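Just so it is clear, the structure is predicted and the values come from calculations on it, not from any experiment.
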Protein chains: 2
Amino acid sequence: MSNTTPSDSVSTALTSSAPPAASQPAADRAYRHVKAGLLDGSYPDGHLLSEGEIAQALEMSRTPVREAFLHLQAEGFLRLYPKRGALVVPITPAEARSLLEARLALESFAIDKLASAPAEQLTSIGTELLEHPACDPAGLSDAEMHEADRAFHARIVSAADSPVVTDLYSALRERQLRITATARTHESPRRTVVTEQHTRLATALRDGDTADAKRCLHEHLAHTMRAIGVSGDFPAPGQ
Amino acid sequence: MSNTTPSDSVSTALTSSAPPAASQPAADRAYRHVKAGLLDGSYPDGHLLSEGEIAQALEMSRTPVREAFLHLQAEGFLRLYPKRGALVVPITPAEARSLLEARLALESFAIDKLASAPAEQLTSIGTELLEHPACDPAGLSDAEMHEADRAFHARIVSAADSPVVTDLYSALRERQLRITATARTHESPRRTVVTEQHTRLATALRDGDTADAKRCLHEHLAHTMRAIGVSGDFPAPGQ
DNA sequence: TGTATACATCTTAAATACAAGTTGGGCGGA
DNA sequence: TCCGCCCAACTTGTATTTAAGATGTATACA
């Protein structure tokens, strides 16, 4: 877990180093390059990529590329086959569904934990979320709305103040990017529905009705599931 | 996530032959060696280990050791500091607690999902669990009891048939090994309590009372938390 | 005595080189 | 035409080498 981007930009700003670029570690560049390709669809499902191929494109040796592959495998994006290559993990409907189920598990837990927090904390979080762009996305581009949605849900989880859960959750959201990138959940007219669901969820939290918040969350994720064309139902909220 | 042992053949035409694995890959040996040392306490919290050190001990080059370090970092065991070394992540009480919270989140979800399954499936799982060694540990060594406990809980999660959740969960259990290795939760007289809790949980599942199963689970994990000396309470079960 | 600086010695980062396994296509024979 | 074999071209796995950053210590100086 820990950080997906181990490169904290500590050193860059102050010292105007002579070489203008290339200060980034090569392993990092490789990681971001491949991941970007994964997310924007340059490397489609089932594609087999090789270390040498990427190394050549980025003009570096295979060593940092291998490092990046390992990282991406750990995150569930790639599957490495010895002496064969790195398979871009195909996203099956079952996997997409399972991913959303995992999100439901973690976000529900976060709400449960918040339920036993002082009432004023719930109010505070709820109020904060009501002012979040994900509840009032006027003027946001699709990409911005996408990011707002991510931040909205991440905030709920982080409010539970459980580092391990937060780590697991952020890894999940990254994986989901590959799915939602093609689902266009955040373009109108879907956007109206999503925004309303966010608002209802935040309101329930503010008012301390965590059971209702969990119902809203369940409905929200079920809606997402339908939007990306996955059939079947979620497990009922644990209540 | 995916699997720690990439030897499993999951899908597609890639799998084909099962490699006879004449000699274990060096990277694998390095991974297991370091992990074993981590779990049995050879490398204590906060210890800083280096690639060269391990490579020399195992008589291999640093390359596979680096690979193992990366893997262990992804699992949360190590934290890599550039040009410094690999820090054995210290387990704070807060982290231990968070780990158990994450387990609670995922196992509770599994039970929720089972709740919407056909009744006979619940009965089947419950009956299977009642016959599990974790409910009748006579003649088991401490280590075997430890493993039985792991398998018992893993079975609950896997029954939910949600691959992503299962993956997340198995990663968590591995991390918890480092904690419980020193907690001796499975030695008598703790063992009697733990066994009873397992039995009650399995019985509740068999009888289709998932709400009660979740209560048992909550109590069980809270007991573990106390056993390893972590204070504070869990969030109430979501009900 | 206290502080700053130079250096010796750690460490990892990345490039390169070499070894070994897998695949698929071409070729020959039935 | 079809089947089996062999080889060439990929691929990754591991080792070795080179470079560069970080640290701690010893020493010079105030």
Side-chain angles (χ1 to χ4, degrees), chain A residues 2-3 5-12 14-15 17-19 21-34 43 46-74 78-88, chain B residues 2 5-7 9 11-34 43 46-74 78-88:
Chain A
S2 73
N3 294 323
T5 57
S7 70
D8 312 67
S9 58
V10 180
S11 59
T12 47
L14 295 177
T15 61
S17 51
S23 48
Q24 291 269 359
D28 240 47
R29 279 191 296 139
Y31 170 77
R32 276 199 293 274
H33 174 87
V34 177
Y43 308 132
H47 188 256
L48 208 56
L49 19 76
S50 79
E51 295 173 1
E53 176 189 346
I54 305 293
Q56 196 165 8
L58 266 56
E59 293 178 313
M60 60 178 65
S61 81
R62 275 176 43 219
T63 310
V65 176
R66 157 180 290 262
E67 203 164 307
F69 276 22
L70 251 12
H71 194 162
L72 289 163
Q73 171 172 255
L78 295 180
R79 205 176 296 156
L80 269 36
Y81 288 92
K83 316 279 187 185
R84 291 286 297 129
L87 177 79
V88 178
Chain B
S2 79
T5 57
S7 54
S9 53
S11 65
T12 74
L14 277 173
T15 62
S16 63
S17 64
S23 64
Q24 290 277 3
D28 248 44
R29 278 191 298 138
Y31 170 78
R32 275 198 294 274
H33 174 86
V34 177
Y43 309 133
H47 188 254
L48 208 57
L49 25 76
S50 81
E51 295 174 359
E53 177 189 345
I54 306 294
Q56 195 164 9
L58 266 57
E59 293 179 316
M60 60 176 67
S61 83
R62 277 176 36 223
T63 310
V65 177
R66 157 179 290 263
E67 205 162 302
F69 276 20
L70 251 12
H71 194 164
L72 289 163
Q73 171 173 251
L78 295 181
R79 205 175 296 155
L80 267 37
Y81 287 95
K83 316 282 186 185
R84 292 283 297 127
L87 177 79
V88 178

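You'll find the side chain of B:Leu49 reaches within 4.5 Å of the side chain of B:Leu78, heavy atoms only. Side-chain atoms of A:Leu58 and A:Val65, non-hydrogen and from C-beta on, never get closer than 4.5 Å to each other. B:Ile54 has its side chain within reach of B:His33: a pair of non-hydrogen atoms, C-beta onward, lies under 4.5 Å apart. Put simply, the side chain of A:Leu80 does not reach to within 4.5 Å of the side chain of A:Leu87, judged on heavy atoms.
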Polar pairs (N or O, both sides) under 3.5 Å between protein and nucleotides 8-10 of chain D?
none

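Per the geometry, CG belonging to A:Leu78 stands 11 Å off P belonging to D:dT12, to the nearest Å. Rounded to whole Å, the distance from CD on A:Glu53 to C1' on D:dT11 is 11 Å. At whole-Å resolution of the value, CG in A:Leu48 and C1' in C:dG24 are 14 Å apart. As a whole-Å value, the separation of B:Phe69 CZ from C:dT11 P is 11 Å. Nucleotide C:dA20 holds its C1' atom 15 Å from the CZ atom of A:Arg84, rounded to whole Å. Between the CD atom of A:Glu67 and the P atom of C:dT12 there is a distance of 12 Å, given to the nearest Å. Atom CG in A:Leu80 sits about 15 Å away from atom C1' in C:dG21, given to the nearest Å. The interatomic distance linking A:Leu87 (CG) with C:dT22 (P) rounds to 18 Å, in whole Å.
Here the side chain of A:Glu67 pairs no donor or acceptor atom with the backbone of A:Ala27 at under 3.5 angstrom.
Pairing each heavy atom of A:Val34 with each of A:Phe69, the nearest pair is CG2-CE1, 4.1 Å.
Contacts between residues 56-66 of chain B and DNA chain D, defined by a heavy-atom separation under 4.0 Å, are made by B:Met60, B:Ser61, B:Thr63, B:Pro64.
To the nearest 0.5 angstrom, B:His71 atom NE2 is 7.5 Å from A:Gln73 atom CD. Of the inter-residue distances, the one linking B:Glu53 atom CD with B:Leu48 atom CG reads 9.0 Å to the nearest 0.5 angstrom.
With sequence neighbours excluded, no residue forms a side-chain contact (heavy atoms from CB on, under 4.5 Å) with A:Gln56.
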